[in-house]
Amino acid sequence: MATVATEIMTQTKQHCSTADQLLTFLRGQLSSREESELQQHLDNCVACREQLESTAADASVWNEAKEFFGNGALHASREVRAMNTKKPIKDHNE
Amino acid sequence: MSEFPETRDSLLVQVQDPANRDAWDLFARIYRPAIVRIAMARGLQHADAQDLSQQVLMAVASAIGTWEKRDESTRFRHWLSRVTKNAILNALTRRPKDQAVGGSSIEELLREVVDRDEATTTLLETQLRRELYLQAAEMIKADFRPDSWQAFELSVAGDLTIEQVAEQLGKSVGAIYTARSRIMFRLRETIAQLGD
């Protein structure tokens with residue numbers, strides 16, 4: 001007899017999406033019903049969350065976004081960003 | 001709608017067409033702040049760094065017109081990327097830090113860099129990547145709902161967990177994953193078009 005945990009895992013697995021479905025979901029091209037179901041599924045399925053994020057972008061892109069968008073960078077103007085430079089690096093000729 | 005010029009070609013291909021002012025403006029919007037940041041990191045004052053960025057962009061713009069005759073075997077976007085980086089490195093390394101800006105000729109700036117300064121090259125790559133990301137974010141932001149963008153920003157750029165972001169915004173965890181993944185997907189596509 002299956003345990004409750006196994007049943008939940010089985011149910012979750014049944015609703016897991018294929019790579020193509022996730023790609024269609026990312027493009028916003030699923031029907032509204034399918035979209036709503038997948039979004040609800042993401043509330044509980046760690047595997048699909050991970051699959052969705054890796055379909056959206058490689059880990060290196062997520063990491064770069066975190067690095068480049070931190071410290072309010074998305075709100076700063078170009079001038080402020082340019083002024084907000086770290087301390088000078090050492091010149092090789094020095 | 002994003003403001004990317006209407007073609008499937010990447011930005012580094014589009015700037016080859018001298019009539020495509022939009023492409024050049026976009027190119028300059030990405031490269032100028034990156035050059036300014038690098039120059040300031042090398043000790044230049046802001047005004048001098050601005051002058052230097054102008055000088056580099058003028059050199060690159062003048063080089064584009066002569067590309068076909070000069071180097072037919074190389075793909076334009078690769079060539080342009082190399083020329084731009086060379087111009088930046090030349091502008092930075094050929095000028096003593098206390099000398100006024102404006103000394104380097106276009107030919108000097110476009111010369112192939114043989115002995116690359118590793119620290120500056122790494123900084124250059126990082127700053128260009130940073131500007132690509134920020135420019136891409138600026139371009140796509142209007143295509144998403146404000147609450148989706150907020151979910152993306154809080155969960156990617158902030159220190160909150162997805163669960164905390166969901167609670168703060170009154171959304172489900174699935175909705176946060178949806179918003180941030182869709183935005184990241186578009187961001188990646190846009191970066192590829194700008195930088196490849």
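Protein chains get the first letters and strands the later ones, always in sequence-line order, with residue 1 at the start of each. Keep in mind that this is a model prediction, so the values were computed, not measured.
For the atom pair CG (L52(A)) and CZ (F185(B)), the distance works out to 10.0 Å, reported to the nearest 0.5 Å. Between the CD1 atom of I176(B) and the CG atom of L42(A) there is a distance of 11.5 Å, given to the nearest 0.5 Å. To the nearest 0.5 Å, the span separating NZ on K66(A) from CG on D159(B) amounts to 5.5 Å. Rounding to the nearest 0.5 Å gives a distance of 8.5 Å between NZ of K171(B) and CD of Q39(A). The structure places CH2 of W62(A) at 4.5 Å from OG of S181(B), a figure rounded to the nearest 0.5 Å.
In this structure, R130(B) contributes its side chain and E64(A) its backbone to no donor-acceptor pair below 3.5 Å.
Side-chain heavy atoms closer than 4.5 Å link hydrophobic residues (I, L, V, M, F, W, Y) into clusters, and following such links, even through other members, never connects V173(B) to I183(B).
T55(A) and R188(B) make their closest contact through O-NH2, 3.5 Å (heavy atoms, listed as atom of the first residue, atom of the second, distance). Heavy atoms only, all atoms of each residue included: A65(A) and M184(B) are closest at CB-CE, 3.6 Å. Minimum interatomic distance between D43(A) and A175(B) (heavy atoms only, all atoms of both residues): OD1-N, 4.4 Å.
The contact between E163(B) and chain A is made entirely by side chain atoms (from C-beta outward), counting heavy-atom distances below 4.5 Å. When heavy atoms are compared at a cutoff of 4.5 Å, E35(A) approaches chain B solely by way of its side chain, counted from C-beta outward. With a 4.5 angstrom heavy-atom cutoff, R32(B) does not touch chain A via any of its atoms. In this structure, no portion of I35(B) lies under 4.5 Å from any heavy atom of chain A.
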List the steps, then state whether side chain to side chain contact (heavy atoms under 4.5 Å, CB included) holds for E153(B) with F69(A). CA-CA 8 Å; E153(B) 202 173 325; F69(A) 295 158; over 6 Å; no

Passes side chain to side chain contact (heavy atoms under 4.5 Å, CB included), I162(B) versus R49(A)? Steps please. CA-CA 11 Å; I162(B) 304 280; R49(A) 290 175 190 168; over 6 Å; no

Might you work through the side chain to side chain contact (heavy atoms under 4.5 Å, CB included) test for F25(A) and R182(B), ending with a clear yes or no? CA-CA 8 Å; F25(A) 179 67; R182(B) 278 186 174 158; 3.5 Å; yes

Go through T126(B) and F68(A) one step at a time and tell me if the side chain to side chain contact (heavy atoms under 4.5 Å, CB included) criterion holds. CA-CA 9 Å; T126(B) 305; F68(A) 297 149; 4.1 Å; yes

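Residue E37(A) qualifies as enclosed at atom CD: its count of foreign heavy atoms under 6.0 Å is above 12. The environment of CD in E167(B) is sparse: at most 12 heavy-atom neighbours from other residues, nucleotides or ligands sit within 6.0 Å.
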